[in-house]
Amino acid sequence: MSSECEQIQACEAWSDRLQHGWPEALRAHARGCPACGAVMQDLDRMAAAFRSLEAREEAEVASIDVSDAVLERIDAPARPPRKWAWVGLAAAAVLALLYLVRPPAVTIEPSAWAVWSPPDGPPLSLEPGRRTAVSLPGHLRSGSGPAHARLGQLGSGQLAAHTALRLERTDQLSSLEGSLRLRTTGPVHLRGEHYALEAAGDVEVASGHSKRAMEMSKKKLMMGGPLAVVVAVYAGWVSTRTAQGTVERAAPAGLAVGKDGRVAAFELDSRPPTPPPLARASAALHATTGTSAGPGPSEVQPAGAFWSQEDEAVRFVLEGEVIDGLSGEGLEVFTLEVEPVRLHSYAEPQRRLQIRDAEQGRFRLAGLGLGRWRILARAEGYAPVSQQIDLSEVSANPYLVLPLSRGGQLSGMVVDHSQQPVEGAKVGLSACLGERPPEACETQTTGANGRFTLERLPDEGIFSVGAEHPRLGSASLPNLRIEAERSENIVLELSGRLRVFGVVTRGKDAVPAEGIEVVDGSSGSTTLTDAQGSYSLLIPLEQRPSVHVVLRSGEAPPVKFASYPERRSNSVLEWVEAPTHQAELEKNFRLAVEQGRLFGRITDAQGRPAADVALGLHNTTGWLGRRREHQTFPEKTRTDADGRYRIDGVPAKAGYTVAYETAEGEDVPLGYVNVPSEEPVEANFEIGSSRLRGAFVDAETSEPFRIARHACGSLFGAQRQGEGRLYFVEPKCLEDGRFEFVDLPPGTYVLKGRLPPEMGTVRFEPTTVRVGPSEIRSDVQVPVEGEQADRWRLRVLDQNGRFVSRLYSRLQTGNRVMTSNLSLQDDGTIETSIDRSFETLYLDAQGYESAEIGLRGRDPAELITVHMRRTEAR
Amino acid sequence: MEGALGLEVQVMDSNDAAEADVVRSACAGEREAFRALIQTHQSAVLRLGAAMLKDEARAADLAQEVFLTFWRERSRYQHRGRLRAYLLGIARNRALAQLARQRSRTRLVEIARRRPTTPVPDPELQLARAQDGSRLAEALDQLPEARREAVSLRFLHGLSVREVAEVCGVPEGTVKSRIGRGLAALREALGREQ
């Protein structure tokens, strides 16, 4: 029972069994188990509570009977469609209606009024140069083909004469903003719906109402609310459809009103238009001299506006003359530059025109578009003069008179700060001395006497004159005023060069820092601080000078990142602003951070020194760099034969990763070290041992050299030792005759071979190998001179065909005899290396007669079978 | 056993057999059988609706919808288990849909809880149990939605674990673990209040 009781108690967590129902079986057990009383009680109480809750819920809903209601609803008819369905239907109907009643394409007959107007908007007001959005309603929109709107003759007083109007398609939905009434004599073909109207003159527009426009507006008003959206969508759709269907060309249409009040209309399509009141002419901007006499038809144009066939825009012919400002006589030779200042959007030519060699001072400019132009006239010996002219009205018939003045003259001298004349200084108007001077600029370079003369200076307004010299700086005199044909004298003193000097110190105690390089950032000139830390730099002032400091440590190679100021800048310590008219500036620098020293010993895991290891330092705290980038100590430090190293000049208050350089030039981190102050820090590191494999090669041919296997065992290496202590390592011989040194501490080794004297026809060349940490080198070659050995394979059998073991080989040349043990291999053969100087191999075995094998003429690759005979018993 | 309308009704005891007859008749379109069916099961549906929607009027509407749904779908009725589980499944889904709509409009917390404050007109004998019952109701309300649903369907509406799984649309294992955790929480809540 107690085990069942435990089982019940295990059910305290109300496990799966409880979930399958009220655990009657569990209860039965629990009843007999006094220890499970609590569980029993809980079960009982929970069951009672659920029954109670169930009974209460039943009582709460007992009064409700939905059966009648449900049965009634069964008999009820199907629900009517929802409200939104009606809304949708209505919207669809409206759309269909709108489609049906969409405005048809209308052609406005000649002499009819084309009117655009909102019912209660203000009259359309057109201002010169201002764009006014106009929507042409349906009767100018095309359904299947181009719609024609003919604009008839204007009523008097509605449009001023010589008013140029321009209609430009915008293809955007826009509302009617006013009413416009136009009449033309010829047909105007307008496509699409939306135009921007631009007028170039004063326009008075009579109010009027279009029936259809009013209907349309009424519709909009009536619809209101959500239906406006439908209308907008519809309108957008129609507009889009129209645009897609008929717009072939987005070129502007133009209207120009002649003096007689007739409007020139310009079409969007290629039909020949009604001849406009103004003559058509090519509008290429050009100039001629003299009056209205010229060879080409375009040049007989009278001054004033004309319609340009080429540009499809209104163009002007401008006449005028260039005269001497004092005498009033026309100049014979001058240059005109025509520059658009502000053109109306449809005035196409945005170009500059230069005309030379006019006659009698008179000129004609043809092809100017509507807008404001600047005409600049130049002539030899005169100051240039410019004038602006506004060609915004067709009626404008301007005659331009440009008086030129000989201008004033300015002489002077350029001197340096010690009042000595400066040769080679550039002098001119200040505006002409910048990096990008205007084209008309004239400058002068001073000669040995430093003098200059500026002529044809403007005699109106104020100006400033400057001088500049590549080394000696610049000077300028502002607010000059000069009268025509007068001469003035000025002196320009160059600011000269700035001498920046000061002291560079190091650390909190301000110890003079010697050998610090101070660099002028702009010119690149440098100087070094002396023993007192003083420096002096001469800086030309034509640019903004900057001075910065780079540390070069005295004895060691330069350690660039080892110097930085308190602000933690890497190399640029401080920018020095150039003071004007000041020759000297004192600037002291302080290198804020001390330099520490790092030293230690590098060993391998066995504590053997790792010699000749290249160590590098990386600043890992990152704050040494200006951009928080990690800095690397530029120079590698190599450990000595005892594995010791020392790095001076390490910036303190920084952390470093010490890394060694592998043969491939990669830096492999050894460990981290913190240099908190100028106190030397010892950091010892352990690095992995290496493995060295190699082979013997023929000293002459570099081919693999086979020697007796004894030779491998005789190879040894010695770590290079400056102090003379030798460090020997024995190699391991590999199966293929190669050798291997394992567990070598890093260092530089000399490999030397040694052969027993009895095999001594081979000479090894000492080979130096550098072994880095944790390195596996297998490319070492030890050159060998002498006779190569061949490898022979023998099978030695007795008379009964059994293998003979315990064999000795004997080699003999002259009086030299060498013996060695031969051991049987698994396949019963014997392998042995035999120097090629031997011709005969003798085999000895106890109890057998010696066998003699001639090697000359045999192929070493061939397996030699030797039969030995037992010695006969005595 | 194969029903007249292609129904397979699993006969479990005499009550179930009688119900199967009623269901068959109702499915055949007999209104009186349908009325009897409504009167048999409306209590369970109403209780579930009231528990979920916290509103008796809405529970009554819900019950109407549930039975109407059954009526409209009767020709496709293929349920193999007890009708009660089927109806409760419909009721639950409809109530959840209503709650989801309601959540987007008002916050549930603003709806006063009715059940805990409803006086219980029971004899003295059941007083202790009744108290326990209201406390149980409170504790049930504290449970996470899924566990409360599983526990009440199992123990208040007497559905089997399999039926609960069908109604809730989750595997039986999930139902078991929900019931187990719900019961453990209830037991702890009831024990703590003592």
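These numbers were taken from a predicted model, which means no experiment stands behind them. FYI, side chains are in, hydrogens and waters are out, and symmetry mates aren't considered; it's all heavy atoms of this structure. Residue numbers start from 1 in every chain, and the chains themselves are labelled A, B, ... in the order their sequence lines are given, proteins ahead of strands.
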Engineer: Under 4.5 Å between any side-chain heavy atoms of R47(B) and E54(A), yes or no?
Structural biologist: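 They are in side-chain contact.
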
Engineer: Less than 4.5 Å apart, side chain to side chain, heavy atoms only: is that true for E72(A) and Q64(B)?
Structural biologist: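 Not touching, per the 4.5 Å side-chain cut-off.
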
Engineer: Can you name the closest pair of heavy atoms from S67(A) and Q42(B) and give their distance?
Structural biologist: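 For S67(A) and Q42(B), the tightest heavy-atom pair comes out as N-OE1, 3.9 Å.
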
Engineer: Please round to the nearest 0.5 Å and tell me the distance separating atom CD of E57(A) and atom OG of S152(B).
Structural biologist: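 Spacing of CD (E57(A)) from OG (S152(B)) equals 8.0 Å.
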
Engineer: Please round to the nearest 0.5 Å and tell me the distance separating atom CG of L156(B) and atom CD of E58(A).
Structural biologist: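 Taking CG in L156(B) and CD in E58(A), the distance rounds to 10.0 Å.
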
Engineer: Residues two or more places apart in sequence or in another chain: which of them pass ring-ring contact (aromatic ring centres under 6.0 Å, His included) with F70(B)?
Structural biologist: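 Testing F70(B) for ring-ring contact (aromatic ring centres under 6.0 Å, His included), a comparison that skips the adjacent residues, returns Y77(B).
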
Engineer: Taking all atoms of both residues into account, what is the closest heavy-atom pair of L183(B) and F50(A), and its distance?
Structural biologist: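 Result for this residue pair: CD2-CE1, 3.9 Å.
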
Engineer: Relative to chain A, which of V151(B), V45(B), I38(B), D61(B) shows the most heavy atom pairs under 4.5 Å?
Structural biologist: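 Of the candidates given, the most pairs with chain A belong to I38(B).
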
Engineer: Working to the nearest 0.5 angstrom, can you tell me the gap between W71(B) CH2 and L71(A) CG?
Structural biologist: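 That separation rounds to 7.5 Å.
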
Engineer: Could you walk me through whether V70(A) and R35(B) pass the side chain to side chain contact (heavy atoms under 4.5 Å, CB included) test, one step at a time?
Structural biologist: CA-CA 9 Å; V70(A) 172; R35(B) 181 189 293 276; over 6 Å; no

Engineer: On a heavy-atom basis, which atom in L53(A) and which in A137(B) lie closest, and how many Å separate them?
Structural biologist: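 For L53(A) versus A137(B), the nearest heavy atoms are CD1-CB, 3.6 Å.
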
